[in-house]
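Data block below; observations after.
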Amino acid sequence: MMHIGVLETGRPAPQLVAAHGDYVDMVTRLFAGESDIRFSRYWLQEEPLPALEACDAYVITGSRCSVLDEAPWMLALEDFLRRAQAARRRVIGICFGHQILAKALGGRVEKAAAGWRLGLNSYALYGAPDWLNGAKVLRINAIHQDQVVVAPEGARKFATGVDCPVAALAYDDWAVSVQAHPEFTMEFERSLLTTLRGVTLSEGLADQALATLDAPGAQTDSADIAKGFAAFLRKGQRAD
């Protein structure tokens, strides 16, 4: 049994949690087809980080927070990730997790010059890790303003999207991160965009994003990504 610690860095609005669960629930559901994985959650905004050896691997969730704020809990997480690198403890970063992993290891994160990336996006793969089984494109739901603009030394970019050139990174054999949200179902993305429409997002911008969910054949490749993530984590299982 593989033990994954989910490092919870943010939570959706309460009405979204009531309907869809929180980000830890979504990560757990993403791996629902993997019977040999158990999860522990760590709410980083209010709780201390676990000991690095507490879990076999870690997943860092998305968050409404910005890594550019450098809150104390974020700086502690950056230190944790540098220690994970030294110990080769496997890590998966999603959205905020993608950004803070890059920042912790010397990359640069900025507000995207093109503004928000929203809705269902397609990301071209090149030189993708073998656990993606030769895929050339991944369709994943997205919502972000910040993004990685310079990858850390030694990290290999393997996906790019419209106005998001560093969409996924592989860190040797111990970490991988993606800017978009494979754990977001189409239903959650729709609810999220609808909730933010006219509040955080302009109506026009939200409507454009919602339209991507209604395009013919619109669907995510989340199931394939989950299988790939699980294969990546299993390759790093250790006896300790």
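From a predicted model like this one, the values you see are computed outputs, not experimental measurements. Residue numbers start at 1 and run along the sequence shown. Side chains included, hydrogens not; waters and symmetry mates left out as well; all remaining heavy atoms used.
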Check: At what distance, to the nearest 0.5 angstrom, does OG1 of T220 lie from CD of E189?
Finding: 10.0 Å
Check: With no hydrogens and no angle check, is any side-chain donor or acceptor of E8 less than 3.5 Å from a backbone partner on T61?
Finding: no
Notebook entry, point to check: Is any side-chain N of the basic residue among R38 and D56 closer than 4.0 Å to the acidic one's carboxylate O?
Noted result: no
Check: Hey, is NZ on K157 packed in by over 12 heavy atoms from elsewhere, all under 6.0 Å?
Finding: yes
Notebook entry, point to check: Relative to each other, are the rings of Y58 and Y42 parallel, tilted or perpendicular (30° and 60° limits)?
Noted result: tilted
Next item on the list: Please find out if less than 6.0 Å separates the ring center of W73 from that of F96.
Entry: yes
Checklist line | Aromatic plane relationship, F158 with W131 - under 30° parallel, 30 to 60° tilted, over 60° perpendicular | finding: perpendicular
Check: How long is the span from the CG atom in L210 to the CG atom in D214, to the nearest 0.5 Å?
Finding: 7.0 Å
Notebook entry, point to check: Which class fits the ring pair F184 and F188: parallel under 30°, tilted 30 to 60°, perpendicular over 60°?
Noted result: perpendicular
Notebook entry, point to check: Counting heavy atoms not belonging to E153, are there more than 12 under 6.0 Å from its CD?
Noted result: no
Notebook entry, point to check: Taking the side chain from D25 and the backbone from D22, do they hold a donor-acceptor pair closer than 3.5 Å?
Noted result: yes
Next item on the list: Indicate the atoms forming the closest heavy-atom contact of Q147 with P165, along with that distance.
Entry: NE2-CD, 3.9 Å
Next item on the list: Could you walk me through whether H181 and M26 pass the side-chain contact (heavy atoms from CB on, under 4.5 Å) test, one step at a time?
Entry: CA-CA 10 Å; H181 286 275; M26 294 178 201; over 6 Å; no
Notebook entry, point to check: Are any side-chain N or O atoms of D172 and backbone N or O atoms of W174, one a donor and one an acceptor, separated by less than 3.5 Å?
Noted result: no
